[in-house]
**Student:** 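Take this structure, written in structure tokens, and hold onto it; I'll ask about it next.
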Number of protein chains: 2
Amino acid sequence: MELNTSTHIDGKVAGRPMEVPPRTVIIDEGDPARAVYRIQSGHVMLSKLLPDGRRQIFELLGPGSIFGVTPHERHDSVAESLTDTRISIFERSILERMPSFDNYIVHRLEIQICALHDHAVLLGRKTATERVSTYILNLAHSTHENENGPPPQALVIVPMTRSEIADYLGLTLETVSRAFSRLKRLGVISYERHDGPMRVALDRLGPLTGTYWT
Amino acid sequence: MELNTSTHIDGKVAGRPMEVPPRTVIIDEGDPARAVYRIQSGHVMLSKLLPDGRRQIFELLGPGSIFGVTPHERHDSVAESLTDTRISIFERSILERMPSFDNYIVHRLEIQICALHDHAVLLGRKTATERVSTYILNLAHSTHENENGPPPQALVIVPMTRSEIADYLGLTLETVSRAFSRLKRLGVISYERHDGPMRVALDRLGPLTGTYWT
DNA sequence: CGAAGAATTGAGGTTAATCAACGAGGGTGG
DNA sequence: CCACCCTCGTTGATTAACCTCAATTCTTCG
């Protein structure tokens with residue numbers, strides 16, 4: 001936890017920086033909601049636990065995203081780092097006196113809500129294969145952040161375990177594994193080691209996601 | 001922050017009022033995102049359509065809620081009135097010059113996101129009975145907006161068809177109907193006519209939702 | 001009354017969950 | 001270094017939940 005690496009939003013100084021190793025709980029359910037967090041680098045996932053152990057991961061957040069924003073006194077979900085992550089922390093009390101941030105926050109919340117809408121469609125109406133295809137395509141999309149149209153091929157690294165992916169997609173880890181195997185057998189994806197790079201045929205994956213992308 | 005029957009936010013005048021009859025499309029997918037809407041009274045649902053006709057409803061909004069907020073140029077979902085609804089319309093261009101609204105908007109978006117998180121848990125991890133129980137309980141909760149603790153009983157009117165509920169809960173209309181019948185047989189709910197009032201035993205419904213409520 | 005839309009119920013099929021076995025790394029300690 | 005263990009992933013067999021298809025009833029409205 002180093003101080004004094006200046007962190008900026010919109011060119012303005014702000015935020016106490018923090019470094020987080022992978023698989024670290026940043027916010028736990030029930031924690032008092034004293035601050036808002038912004039991701040500088042790395043990835044964070046948000047989830048909830050049902051009393052009987054069922055878990056649902058509902059957001060995967062990357063650089064620029066904010067989390068810990070809530071209308072309540074306490075956090076109602078868990079925020080956990082996926083990778084090595086750098087975040088900046090903004091005390092709520094300070095934020096309230098900086099309305100200039102509201103623009104940024106509104107913008108990020110808008111993006112977040114759109115993603116949640118798409119995720120609801122996935123959870124409510126897509127088959128297992130469609131869910132996994134969508135997941136892989138989004139993964140490739142987010143890592144390759146490409147300007148001039150997407151290439152037909154991409155190399156991606158899957159940063160989550162099968163079990164985490166399952167909790168994200170509302171499936172079991174076995175079903176996720178079978179979907180990966182199916183896509184591999186179809187030649188749409190290929191990999192030797194599950195933690196190594198995965199080659200993805202983006203153009204063949206698109207039609208399997210159950211979504212139109214223009 | 002909760003006010004009012006007239007078309008004001010935070011005491012400031014704003015918004016062109018509009019009356020909308022039930023089952024009316026207010027925003028269609030692809031419409032240019034020129035304005036933001038606030039519900040004065042009534043209820044609105046937001047949904048998306050997959051190319052093959054599958055539909056997912058992901059938000060049910062009541063008085064005070066805003067919709068039409070998006071980071072994009074065009075709307076990517078459908079907003080449709082459920083009941084007779086009065087809304088106020090705020091041109092985006094005007095909003096941008098009224099940062100005093102940002103507080104309100106952030107607050108509403110926070111609430112919206114929490115609801116979407118819960119809904120993701122429902123869609124990803126709950127059984128049919130749990131989904132329908134949760135739906136009914138939320139319905140009762142929202143219509144009875146009770147201060148001094150919830151009563152054990154409540155009368156509610158279900159404002160959606162079985163098909164709409166199904167699209168909201170990620171089920172088929174038959175499964176929804178069966179879940180209603182099951183709850184009726186258990187004596188947790190009772191009704192004579194499906195469009196009439198429904199008696200709900202809130203205390204017996206809670207344990208069926210798969211969630212802890214404190 | 002008749003027609004159309006909504007809800008209910010039943011029978012049978014399909015998808016994904018569950019239960020279970022096995023294999024491939026990656027640490028740890030002898 | 002190797003044996004052991006532990007986690008993660010894959011695959012197979014079976015089960016259960018939900019979907020699909022279909023028939024019937026209820027409700028409203030012209």
Side-chain angles (χ1 to χ4, degrees), chain A residues 21-23 50 52-57 80 82-83 122-136 157-186 189-198 208 210, chain B residues 21-23 50 52-57 82-83 122-136 156-186 189-198 208 210:
Chain A
R23 319 282 148 170
L50 293 188
D52 58 1
R54 286 175 287 180
R55 179 175 68 162
Q56 180 66 44
I57 298 170
E80 193 178 347
L82 223 37
T83 59
L122 179 147
L123 292 173
R125 287 298 178 225
K126 289 192 179 179
T127 67
T129 308
E130 287 173 340
R131 295 183 200 200
V132 172
S133 301
T134 304
Y135 173 74
I136 297 173
I157 291 179
V158 180
M160 295 161 77
T161 66
R162 297 288 184 264
S163 166
E164 285 167 345
I165 298 172
D167 284 344
Y168 183 50
L169 301 180
L171 301 168
T172 61
L173 66 94
E174 293 96 331
T175 302
V176 170
S177 183
R178 278 185 247 270
F180 269 95
S181 300
R182 199 174 308 130
L183 293 174
K184 201 177 179 183
R185 215 173 314 119
L186 287 172
I189 61 175
S190 65
Y191 55 93
E192 274 79 50
R193 312 161 71 331
H194 46 67
D195 53 349
M198 190 172 75
L208 299 177
Chain B
R23 320 281 150 171
L50 292 187
D52 58 2
R54 286 176 287 182
R55 179 176 69 161
Q56 180 67 44
I57 297 169
L82 220 40
T83 57
L122 179 148
L123 292 174
R125 287 299 178 225
K126 289 192 180 181
T127 67
T129 307
E130 287 173 340
R131 295 183 201 200
V132 172
S133 300
T134 304
Y135 172 75
I136 297 173
V156 300
I157 292 178
V158 180
M160 296 162 76
T161 66
R162 297 289 184 263
S163 166
E164 285 166 346
I165 297 171
D167 284 343
Y168 182 49
L169 301 179
L171 301 168
T172 60
L173 68 93
E174 293 95 332
T175 301
V176 171
S177 183
R178 278 185 249 271
F180 269 96
S181 300
R182 199 174 310 129
L183 292 174
K184 200 176 178 183
R185 215 175 313 119
L186 286 172
I189 61 176
S190 65
Y191 54 93
E192 273 80 49
R193 312 159 80 288
H194 38 64
D195 54 346
M198 188 171 75
L208 299 176

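Convention: sequence-line order gives letters A, B, ...; per-chain numbering from 1.
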**Student:** Check the pair B/Leu122, B/Tyr135 against side-chain contact (heavy atoms from CB on, under 4.5 Å), reporting the backbone distance first and the verdict last.
**Tutor:** CA-CA 10 Å; B/Leu122 179 148; B/Tyr135 172 75; 5.9 Å; no
**Student:** Using a cut-off of under 3.5 Å, enumerate the N/O to N/O pairs linking the protein to nucleotides 19-21 of chain D.
**Tutor:**
residue	atom	partner	partner atom	Å
D/dC19	OP2	B/Thr172	N	3.4
D/dC19	OP2	B/Thr172	OG1	3.2
D/dC19	OP2	B/Thr175	OG1	2.4
D/dT20	O4	B/Arg178	NH2	3.0
D/dC21	N4	B/Glu174	OE2	3.1

**Student:** Rounded at 0.5 Å granularity, tell me how far CD in B/Glu130 sits from CG in B/Leu169.
**Tutor:** 12.0 Å
**Student:** Using the closest heavy atom to pick a nucleotide of DNA chain C for each, name whichever of B/Lys184 or A/Arg182 lands nearer the 5' end.
**Tutor:** B/Lys184
**Student:** For residues 171-180 of chain A, which side-chain N or O atoms pair as donor and acceptor with protein atoms under 3.5 Å away, sequence neighbours left out?
**Tutor:**
residue	atom	partner	partner atom	Å
A/Thr172	OG1	A/Thr175	N	3.3
A/Thr172	OG1	A/Thr175	OG1	3.0

**Student:** With side chains defined as the heavy atoms from C-beta onward, is the minimum distance between A/Arg131 and A/Thr134 less than 4.5 Å?
**Tutor:** no
**Student:** Under the rule for side-chain hydrogen bond (donor to acceptor under 3.5 Å, both in side chains), what residues qualify as partners of A/Ser190, not counting sequence neighbours?
**Tutor:** A/Arg199
**Student:** Taking atom CD1 of B/Ile189 and atom CD1 of B/Ile136, what is their separation to the nearest 0.5 Å?
**Tutor:** 4.0 Å
**Student:** Which letters describe nucleotides 24-30 of chain D, given B = protein heavy atom under 4.0 Å from base, S = only from sugar-phosphate, - = neither?
**Tutor:** ---SS--
**Student:** Measure from the side-chain N and O atoms of B/Arg125 to the backbone N and O of A/Gln56, and report whether any donor-acceptor pair falls under 3.5 Å.
**Tutor:** no
**Student:** Please give the angle, rounded to 10 degrees, between the axes at the start and the end of the helix from C/dC1-D/dG30 to C/dG30-D/dC1, where five pairs define each axis.
**Tutor:** 30°
**Student:** What is the separation between atom CE on A/Met160 and atom C1' on D/dG9, rounded to the nearest whole Å?
**Tutor:** 16 Å
**Student:** Using a heavy-atom cut-off of under 4.0 Å over every strand shown, decide if B/Thr161 touches base, sugar-phosphate, or nothing.
**Tutor:** sugar-phosphate
**Student:** Which atom pair, heavy atoms only, marks the closest approach of B/Gly124 to A/Leu123?
**Tutor:** CA-CD2, 4.2 Å
**Student:** Considering residues at least two apart in sequence or located in another chain, which fulfil the salt bridge (Lys or Arg N to Asp or Glu O under 4.0 Å) criterion with A/Glu80?
**Tutor:** none
**Student:** Give the minimum heavy-atom separation between B/Met198 and B/Val158, together with the two atoms involved.
**Tutor:** CE-CG2, 4.0 Å
**Student:** Once salt bridge (Lys or Arg N to Asp or Glu O under 4.0 Å) is applied, do any residues pair with A/Arg185, and if so which ones, sequence neighbours excluded?
**Tutor:** none
**Student:** Counting only side-chain N and O atoms of A/Tyr191, is one of them less than 4.0 Å from OP1 or OP2 of D/dG9?
**Tutor:** no
**Student:** Expressed as a whole number of angstroms, how long is the span from B/Leu173:CG to D/dC18:P?
**Tutor:** 15 Å
**Student:** B/Arg182: what forms a side-chain hydrogen bond (donor to acceptor under 3.5 Å, both in side chains) with it, not counting sequence neighbours?
**Tutor:** B/Thr129
**Student:** Walk along DNA chain C from 5' to 3' and tell me the first and last nucleotide with an atom closer than 4.0 Å to a non-hydrogen atom of chain B.
**Tutor:** C/dA7 to C/dA11
**Student:** Residues two or more places apart in sequence or in another chain: which of them pass side-chain contact (heavy atoms from CB on, under 4.5 Å) with B/Glu164?
**Tutor:** B/Arg23, B/Met45, B/Arg55, B/Ile57, B/Leu82, B/Met160, B/Thr161
